[in-house]
Amino acid sequence: MAKTLVKEVAENLYLLRLDDDEIKYFEALWHIPEGITYNAYLYLGPNTRILFDTWKIGFSSLFIETLRSLVEPKDIDAIIVHHMEPDHSGALKSLVELNPDIKVFGHPLVKNMIESFYGIKNIAFRPVRDLEEINIEDIKLKFIYTPWLHWPETIMSYLYSTKTLFTGDVFGAFSIPSSVFGEELTRDYINFMRKYFVDVIGYYRQHVEKNIQKILGLGLDIELVAPLHGALWKDIGRIAEYYIKWGRGEGVENKVTVIYSSMYGFVEKAIQFVIELLQSHNVDVAVYKITDNYRSEISDILSDAIDSSAIVLGAATYEAGVFPYMEFVINQLAKKANSPKPVIIISSYGWGGVAGKFISNILSKTKFKVLRIIEYKGMLTESTLKDIRSAVNELLKHVKT
Ligand code: FEO
């Protein structure tokens, strides 16, 4: 059951967190058994009350009830809308019904989106400009456009009084962290952050580095980073570094992701040979498979692929193409994890090999570099094993062992 958490995270600044452990597929796509949080924030100064975003659509009543534990919604002066995706704007309608005069600050695109998403008209909307500083009563804020992280209307804001940067989806993560602050969490949490990054923002990775550099270049004195999902951070440096690396698709030294499908075990045998060869060279191998008794999730596959140094793909020919689920995986890799990594393709067939060329054609439109295609008929032979060994040796040159 979803739980709420309210905590003062800086002087007069409260985190209102909804821990959603019932969701199975974020955006109806990304498998997240680890759950997710939706974070809103409330500044309760002596003279001014400002809300920063809300929660996911469907949780409006709980959001208003949680808000009321701190302040009456009608007494809030303003709301900052950093991002209109309904996992954050979902309680806007209830809020405006209770407080029709609330001032709404956001990117110019937001006004129209509020009307089209929620049928809310005649709000006191104030569009903000990039890098504009605005005083809401006695409280000073700076607004920063961060387009395509994750949507075109996405902005960040900086609250001078608490030195807090509200970052929207950026630096968010899947999972329900056991601590409010990221510095107190383990490496596993970084993996949930990486998974969120590539699954949700991966398609827009070309916009990541320039937006992160833009924020860092403003010289803001940031003591608290407050994203809309997951943990808050006191130090922006480490997480900004991760974002730049993931944005570039830089591979971690010595890491290879192997993804394969195998209907009857022919491809699996070849892939097992590849894995053994890689491990014999002390390579860290992340293995994902689609078989008759197991199906890895695309959300996890993409997460490991983004920071691997190389990729191995295995799939049989299927109906004059490639095994369908692998086609989906490869298309998503091409979209969300597209980066200059070497790839080996291993494929088997019954009477005519098509899959190798098929996969290679998809990857030819990306930054991935196909080193070798090894296709074989039916059983593995000594000659195919020799080809695989040679291909793996070539791959190892790119894995930085
Ligand atoms: Fe967390 Fe793009 O919404």
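Remember, it's 1-based here, ligands and their atoms both numbered in the order they're listed.
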Handout entry: Opening angle at atom 2 (Fe) of ligand 1 [OD2, Asp169; OE1, Glu85; to 10 degrees]
Key =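 Value, to the nearest 10 degrees: 170°.
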
Handout entry: His229 vs Val200 side-chain heavy atoms within contact, under 4.5 Å
Key =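 Not touching, per the 4.5 Å side-chain cut-off.
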
Should the pair [X]-[Y] be classified as a salt bridge under the 4.0 Å nitrogen-to-oxygen rule?
{"X": "Arg126", "Y": "Glu132", "answer": "yes"}
{"X": "Arg248", "Y": "Glu250", "answer": "yes"}
{"X": "Lys255", "Y": "Asp304", "answer": "yes"}

Practice task
Considering just N/O/S atoms, say which atom of Asp87 is closest to atom 1 (Fe) of ligand 1.
Solution key: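 So the atom name we want here is OD2.
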
Practice task
Measure from atom 1 (Fe) of ligand 1 to every N/O/S atom of His88 and report the name of the nearest one.
Solution key: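 Among the N, O or S atoms of His88, the one closest to atom 1 (Fe) of ligand 1 is NE2.
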
Exercise for the section: Return yes when at least one N/O/S atom of His83 is nearer than 2.8 Å to atom 2 (Fe) of ligand 1, and no when none is. Expected result: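 Looking at His83, which is the residue asked about, there is an N, O or S atom under 2.8 Å from atom 2 (Fe) of ligand 1.
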
Practice task
Measure from atom 1 (Fe) of ligand 1 to each N, O or S atom of His150 and report whether any distance is below 2.8 Å.
Solution key: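 No.
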
Practice task
Test Tyr38 against every option in Asp53, Asp19, Asp20 by the side-chain hydrogen bond (donor to acceptor under 3.5 Å, both in side chains) rule and name the one that passes.
Solution key: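 In the set Asp53, Asp19, Asp20, the residue that makes a side-chain hydrogen bond (donor to acceptor under 3.5 Å, both in side chains) with Tyr38 is Asp20.
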
